[in-house]
Visitor: 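Following this message is one structure expressed as structure tokens.
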Amino acid sequence: MPTTHTPAPQIAIVGAGPGGLTCARVLQRHGIDVTVYDRDASADARNQGGTLDLHADSGQIALREAGLLDDFHALARPEGQAQRMLTRHGEVLVDYRPTSDEDAAPEIDRGQLRTLLADSLAPGTLQWGHTLTSATPGPAGTHRLTFDHGVTRDVALVIGADGAWSRVRPLVSDATPVYTGVTFLEARYDEVDTAHPAVAELVGDGNVFATGDHKGLIGQRNSNQHVRAYIALRDDADWYRAAGIDLDDTDAVRAALLRAFADWDERLLVLITDNDGPYVNRPLFVLPAPHTWPHTPGVTLLGDAAHLMAPLGGYGANFAMLDGCELALALARHDTHDEAVTVYERTMMSRAAAVGDGAEALAGVFGPGDRDRSDVPDFAEAKERYRQGAAAYRSR
């Protein structure tokens with residue numbers, strides 16, 4: 001297909017995940033034109049993954065600035081904040097149940113959040129079916145974006161919100177994700193309350209987390225009687241190839257997992273044996289922290305493109321949304337893109353560095369031996385920290 005070139009707004013966001021969509025929404029609320037490009041054919045073209053807990057001191061702040069906090073609460077599941085942590089022998093280490101008015105970190109399905117944000121944007125903002133193939137510097141800090149179908153766009157500011165394997169990141173950094181040594185196999189359970197009552201009881205209204213001997217079983221309640229589980233292994237990212245297993249052979253994968261978890265309590269093994277459909281192999285990668293780069297005119301990053309973290313503590317999506325919000329606010333409050341991006345990057349990099357990439361914590365959670373009560377997070381303390389952080393942010 002011949003290359004075509006069309007004028008575009010000054011600001012382009014690559015990636016329509018929570019961070020990129022939040023950034024676009026806040027920009028539009030401040031009267032700033034923006035276009036968002038994403039490789040998906042539509043907001044619901046593929047499964048968006050499991051549930052997210054949106055923290056009062058980050059994700060919810062972003063939604064408030066986006067004017068969508070009430071809409072979020074209408075969809076969210078505050079009861080999803082329940083947390084149970086077990087040993088591999090089925091011993092309960094903690095069973096945290098939120099109060100009826102708990103709002104520090106309600107859960108929402110990723111797909112619901114994406115739709116909420118996407119539907120809030122002005123018509124024509126989202127350009128679906130655009131896979132970025134290259135981003136190259138142009139004159140005076142501009143960049144040319146080239147997409148897989150031969151379309152190019154020249155923009156004054158490109159915002160890389162395109163995730164772990166960002167095509168925008170090489171404009172500012174040569175950092176690449178590294179494997180953590182832990183792989184999750186995702187499994188799903190539909191109509192769980194009727195078709196999988198043992199899974200429903202184990203997971204409850206929120207999450208169940210059992211670990212021991214380099215392995216883990218994690219179950220999370222989603223909306224509409226759906227549960228998603230992650231079976232964690234400390235192994236090579238392509239462990240199944242070494243074992244001679246085809247990931248499409250669900251029975252063979254299940255047999256291998258049951259051998260790996262042979263000494264686990266039988267009540268926990270329903271997360272391996274009762275799933276609907278195949279397992280999905282998801283090796284976990286991080287960008288080693290702190291990830292910084294010299295200020296580069298006309299380009300910046302947010303979310304996983306800037307600070308890919310292990311999925312412990314729920315920081316990834318929350319920080320991505322806060323990144324998008326703060327970048328948009330900086331662009332609205334400063335006279336030039338350069339001034340705005342400089343202010344934003346200073347704050348974003350400091351926040352991400354303080355939390356780190358999570359690889360060390362991941363190694364501890366899925367380390368040798370069994371966890372005990374001294375290893376269990378204080379969930380009530382975490383909720384209070386989110387509330388205090390939100391109050392401090394509002395008082396600035």
Side-chain angles (χ1 to χ4, degrees), residues 18 40-54 71-86 88 90 92 95-98 100 102 105-116 118-119 183-211 215-233 246-258 260-261 264-282 311 314 317:
D40 286 346
S42 65
D44 57 358
R46 61 181 173 86
N47 192 308
Q48 292 300 303
T51 185
L52 297 168
D53 56 327
L54 290 196
D71 301 88
F72 160 72
H73 283 301
L75 294 168
R77 303 185 311 280
E79 71 278 6
Q81 296 169 95
Q83 299 275 354
R84 298 179 71 219
M85 300 196 75
L86 313 175
R88 62 187 170 125
V92 178
D95 190 355
Y96 176 80
R97 306 293 179 92
S100 59
E102 176 61 76
E107 297 278 342
I108 186 171
D109 288 7
R110 286 177 178 268
Q112 292 175 320
L113 178 63
R114 192 187 206 195
T115 299
L116 171 66
D119 287 352
T183 288
F184 282 2
L185 282 97
E186 181 181 324
R188 75 171 199 273
Y189 317 83
D190 301 317
E191 303 297 332
V192 68
D193 295 319
T194 53
H196 304 288
V199 173
E201 181 180 3
L202 178 64
V203 175
D205 290 332
N207 296 271
V208 64
F209 198 105
T211 61
K215 294 181 283 292
L217 293 173
I218 306 162
Q220 56 173 220
R221 172 78 68 157
N222 291 206
S223 62
N224 300 318
Q225 286 201 63
H226 180 77
V227 161
R228 196 175 300 261
Y230 301 94
I231 302 155
L233 301 171
D246 183 345
L247 283 177
D248 292 330
D249 187 342
T250 299
D251 290 339
V253 177
R254 180 176 292 122
L257 293 174
L258 287 173
F261 287 80
W264 282 54
D265 188 282
E266 187 174 344
R267 293 168 295 178
L268 302 176
L269 298 183
V270 294
L271 294 179
I272 296 176
T273 61
D274 286 21
N275 53 303
D276 296 313
Y279 303 91
V280 181
N281 197 60
R282 299 195 184 282

Visitor: Could you tell me which non-hydrogen atom of G80 sits nearest to which non-hydrogen atom of N207, and how far apart they are?
Guide: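 Smallest heavy-atom distance, with atoms named: O-ND2, 3.6 Å.
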Visitor: Nearest 0.5 Å, please: how far is CG in D190 from CD in Q225?
Guide: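 So the CD of Q225 and the CG of D190 are separated by 10.0 Å.
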Visitor: Which atom names give the shortest non-hydrogen contact between L268 and A210, and what distance separates them?
Guide: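 In this case the closest contact between L268 and A210 is CD1-CB, 4.0 Å.
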Visitor: Just so I know, are the side chains of L75 and D71 near enough to count as touching, which here means a heavy-atom distance under 4.5 Å?
Guide: no
Visitor: Going by heavy atoms in the side chains, are L217 and I231 under 4.5 Å from each other?
Guide: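 Yes, their side chains come closer than 4.5 Å.
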Visitor: Keeping the roles fixed (side chain from D265, backbone from R267), state whether a donor-acceptor pair exists under 3.5 Å.
Guide: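 Such a contact is found between D265 side chain and R267 backbone.
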Visitor: Pick from F184, Y279, F209: which one makes a ring-ring contact (aromatic ring centres under 6.0 Å, His included) with Y230?
Guide: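 Of the listed residues F184, Y279, F209, the ring-ring contact (aromatic ring centres under 6.0 Å, His included) partner of Y230 is F184.
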Visitor: Are any non-hydrogen side-chain atoms of L233 and F261 less than 4.5 angstrom apart?
Guide: yes
Visitor: Determine whether a donor-acceptor pair (N or O, by modelled atom type, separation under 3.5 Å) exists between the side chain of Q81 and the backbone of P78.
Guide: yes
Visitor: Given side-chain hydrogen bond (donor to acceptor under 3.5 Å, both in side chains), test Q220 with T51 step by step and report yes or no.
Guide: CA-CA 7 Å; Q220 56 173 220; T51 185; 5.5 Å; no
Visitor: Look up atom OG1 in T273 and atom NE2 in H196, then write down how far apart they are to the nearest 0.5 Å.
Guide: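 Result: 9.5 Å between the selected atoms.
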Visitor: Hydrogens and angles aside, do N275 and R254 bring a side-chain donor and acceptor to less than 3.5 Å of each other?
Guide: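 Yes, R254 and N275 have a side-chain donor paired with an acceptor closer than 3.5 Å.
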Visitor: Under a 3.5 Å distance rule, please check whether Y189 uses its side chain to pair with a backbone N or O of A195 as donor and acceptor.
Guide: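 Looks like no, no N/O pair under 3.5 Å.
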Visitor: Can you tell me how far CD of E107 sits from CD of E79, rounded to the nearest 0.5 angstrom?
Guide: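 Going from CD on E79 over to CD on E107, the span is 9.5 Å.
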Visitor: Can you name the closest pair of heavy atoms from G219 and L271 and give their distance?
Guide: N-CD1, 4.3 Å
Visitor: Just checking D246: does its CG atom have more than 12 heavy atoms from other residues, nucleotides or ligands closer to it than 6.0 angstrom?
Guide: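 Correct, the count exceeds 12.
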Visitor: Which residue is it: D44, D119, D40? I am looking for the one with a salt bridge (charged side-chain N to carboxylate O under 4.0 Å, His left out) to R114.
Guide: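 Per the salt bridge (charged side-chain N to carboxylate O under 4.0 Å, His left out) rule, the option paired with R114 is D40, out of D44, D119, D40.
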Visitor: Taking only Lys NZ, Arg NE, NH1 and NH2, and the carboxylate oxygens of Asp or Glu, determine whether D109 and R77 approach each other closer than 4.0 Å.
Guide: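 Looking at R77 together with D109, the answer is yes, because their closest N to O distance falls below 4.0 Å.
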Visitor: Just by distance, do the side chain of R84 and the backbone of D95 share a donor-acceptor pair under 3.5 Å?
Guide: no
Visitor: Would you check, one step at a time, whether the test side-chain contact (heavy atoms from CB on, under 4.5 Å) holds for L86 with L202?
Guide: CA-CA 10 Å; L86 313 175; L202 178 64; 4.1 Å; yes
Visitor: For the residue pair D276 and E191, establish whether any side-chain heavy-atom pair is separated by less than 4.5 Å.
Guide: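 A side-chain contact is absent here, since even the closest heavy-atom pair is not under 4.5 Å.
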Visitor: Out of D205, D53, D193, which one pairs with R221 under the salt bridge (charged side-chain N to carboxylate O under 4.0 Å, His left out) rule?
Guide: D193
Visitor: Identify the two heavy atoms, one from R228 and one from G50, that lie closest to each other, and give their separation to 0.1 Å.
Guide: NE-CA, 3.3 Å
Visitor: From F72 CZ over to L116 CG, what is the distance, rounded to the nearest 0.5 angstrom?
Guide: 9.0 Å
Visitor: Distance from H226 atom NE2 to R188 atom CZ, nearest 0.5 Å?
Guide: 7.0 Å
